[in-house]
Amino acid sequence: MSPCTQKNETYLNRSADSFFRKKAKEFAAVKKSGRTRLHDAVPITLGEEFGAYAENLRRAARRLEDCEPALLEIQLGGTAVGTGINAHPDYAPRAVKKLARLTGLDPREAKNKIASQQSLGDFLAVSSALRGLCVELNKICNDLRLLNSGPHTGFYEIELPAMQPDSSIMPGKVNPAMAEMVNMVCFHVIGRVRGARDVRRSRAARSQRHDAVRRLRAFRGFRRADRSARNLPRKMRARNQGAPEICANFAERSVGQAALLNGERGFMGAAEIAMGAIEENKSVPETLGEKKLNK
C-alpha cells in the first residue's frame, strides 16, 4: 500500500481542508486586526485567515501526492545491481500484477532499475514531505489556540468547543484539547523523521545501506497525521464560532490601520498618527479625527 494514498484517498484527510474552506466562507465578513510578531498589523478578515489554512493544507497534500509516482515504481527483477541478470523475464511483470491485485494500487516496473538500486532519495523526499505536513498542522493549531485564548484575558476571536474539563482546581476552565492533541501527534511524527533517525536515513541513503533503511518507521506517521487531521474538524465543527464583536473591536482599535494612511500622509505621517493613538490609548480613526479638527 502506498504511504501517500489508499485507493485515491490522500492520507492528509480532505475533511480538514473542507472544514477550513467552509469556515473561510462563513467568516468572510468578519473583519479583524492582522498581527505580525503578535503586534497589530493591517486589517484582514477571519475568513481570509481560515482560507489560508485550507490552502496551506492543500499544498502540503500535493507535496505528498507528488511523491507517489516514484514510490509506485517497483525495482523487482533488477537483481543485484539493476541489470536483471539471472532474473526470469516474466518475473517482474507478474510480480507487479500480483502487487496491484493485493493493494488495489497501480504499481509499475521501474523504468531504470539501475537508478532505483542506486538511490533511496524517493524515501527521503517522503520523509521531508511528511515533516512539512506536520509543521503546517502544528502552526495552524497554534494559531487556533492563540485566537481562542481567553475568554477574558486573551484574544478570544474564535470559540473552540469545550471537549472536556481540563482543570481540577479552576472550575469552568476548558482548554483547546483537540488542537493540542494534533500538536502532540505532530511532535511525535516530526520526532520520528528528524534528529538521529533523519541522519541515519540520509547516511544510509548515501552509503546504500538498505538494511538500516528497512527500519524506517516514518510511514506510520502518515496514519497518525491522517487521524489527527480527520478528528480535528470532526470535534470542532459544531461549535467553532467566530466572535464578530470582539474581532470588530480589535479591528477598530488596531494601530495597524495607520498603514492605510500611507498613500495620503506618507509613511512618517501615518507613523505619527499611529504613535499618537498608542500614547493616548485611542483608535487610529479617533486620533485622525482629532488632528483634522485641530488644523
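For the numbers below, each heavy atom of this structure counts, side chains included, while hydrogens, waters and symmetry mates do not. Source: prediction; values computed, not measured.
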Under the side-chain contact (heavy atoms from CB on, under 4.5 Å) rule, what do Thr45 and Phe27 come out as? Steps first, then yes or no, please. CA-CA 7 Å; Thr45 69; Phe27 299 152; over 6 Å; no
Quick one: do Leu144 and Phe50 satisfy side-chain contact (heavy atoms from CB on, under 4.5 Å)? Show the steps, please. CA-CA 10 Å; Leu144 295 178; Phe50 273 68; 3.9 Å; yes
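- Distance check: Leu160 CG to Met178 CE gives 10.5 Å after rounding to the nearest 0.5 Å.
- Residues Asp143 and Glu49 have side chains not in contact (no heavy-atom distance under 4.5 Å, counting atoms from C-beta outward).
- The minimum heavy-atom distance between Arg35 and Glu157, with the atom names listed, is NH2-OE2, 2.7 Å.
- Smallest separation of non-hydrogen atoms from Ala129 and Leu64: CB-CD2, 3.6 Å.
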Glu136 and Lys139: salt bridge (charged side-chain N to carboxylate O under 4.0 Å, His left out), yes or no, with the steps? CA-CA 5 Å; Glu136 291 291 355; Lys139 190 271 180 186; over 6 Å; no
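- Using modelled atom types, one finds no donor on one side chain facing an acceptor on the other under 3.5 Å when comparing Arg59 with Asn56.
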Verify side-chain contact (heavy atoms from CB on, under 4.5 Å) between Lys97 and Arg101, making sure each step is shown before the conclusion. CA-CA 6 Å; Lys97 289 181 180 179; Arg101 287 196 299 268; 4.2 Å; yes
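- For the pair Leu260/Val42, no side-chain contact is recorded, criterion being any heavy-atom separation below 4.5 Å from C-beta on.
- Residues Asn138 and Phe187 share a closest heavy-atom pair of ND2-CE2, 2.9 Å.
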Show which side-chain atoms of residues 244-255 pair as donor or acceptor with protein atoms under 3.5 Å away, not counting sequence neighbours.
{"unit_1": "Arg253", "atom_1": "NH2", "unit_2": "Asn281", "atom_2": "O", "d": "3.1"}
{"unit_1": "Arg253", "atom_1": "NH2", "unit_2": "Asn281", "atom_2": "OD1", "d": "3.2"}
{"unit_1": "Ser254", "atom_1": "OG", "unit_2": "Ser33", "atom_2": "OG", "d": "2.9"}
{"unit_1": "Ser254", "atom_1": "OG", "unit_2": "Ala41", "atom_2": "O", "d": "3.3"}
{"unit_1": "Ser254", "atom_1": "OG", "unit_2": "Gly256", "atom_2": "N", "d": "3.0"}

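- Looking at every heavy atom in both residues, Arg265 comes nearest to Ala270 through CB-N, 4.1 Å.
- Under the side-chain hydrogen bond (donor to acceptor under 3.5 Å, both in side chains) criterion, Lys113 pairs with Glu109, sequence neighbours left out.
- In terms of modelled atom types and a separation under 3.5 Å, the side chain of Asn148 and the main chain of Ile158 share a donor-acceptor contact.
- Judged by distance alone, the side chain of Asn175 and the main-chain N or O of Ala177 form no donor-acceptor pair under 3.5 Å.
- When all heavy atoms of Gly77 and Ala92 are compared, the closest pair comes out as CA-CB, 4.4 Å.
- Between the side chain of Thr103 and the main chain of Leu99, a donor-acceptor pair closer than 3.5 Å is present.
- Here the closest heavy-atom approach between residue Pro69 and residue Arg108 is recorded as O-NH2, 3.0 Å.
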Pairs under 3.5 angstrom only: tabulate donor-acceptor contacts from the side chains of residues 79-91 to other protein residues two or more places apart or in another chain.
{"unit_1": "Thr79", "atom_1": "OG1", "unit_2": "Ile85", "atom_2": "N", "d": "3.4"}
{"unit_1": "Thr79", "atom_1": "OG1", "unit_2": "Ile85", "atom_2": "O", "d": "3.1"}
{"unit_1": "His88", "atom_1": "ND1", "unit_2": "Asp90", "atom_2": "N", "d": "3.0"}

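- Atom-to-atom distance recorded for Leu146:CG and Cys141:SG is 13.0 Å, nearest 0.5 angstrom.
- Contact check on Lys23 versus Glu26 returns a salt bridge, with a Lys/Arg side-chain nitrogen under 4.0 Å from an Asp/Glu carboxylate oxygen.
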Please evaluate residues Arg63 and Leu133 with respect to the criterion side-chain contact (heavy atoms from CB on, under 4.5 Å), reporting the C-alpha separation (whole Å), side-chain torsions for both, the decisive distance (0.1 Å), and the verdict. CA-CA 9 Å; Arg63 286 192 289 269; Leu133 160 63; over 6 Å; no
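- For the pair Val96/Leu76, no side-chain contact is recorded, criterion being any heavy-atom separation below 4.5 Å from C-beta on.
- Looking at Glu65 and Arg62, no side-chain N of the basic residue comes within less than 4.0 Å of a carboxylate O on the acidic one, giving no salt bridge.
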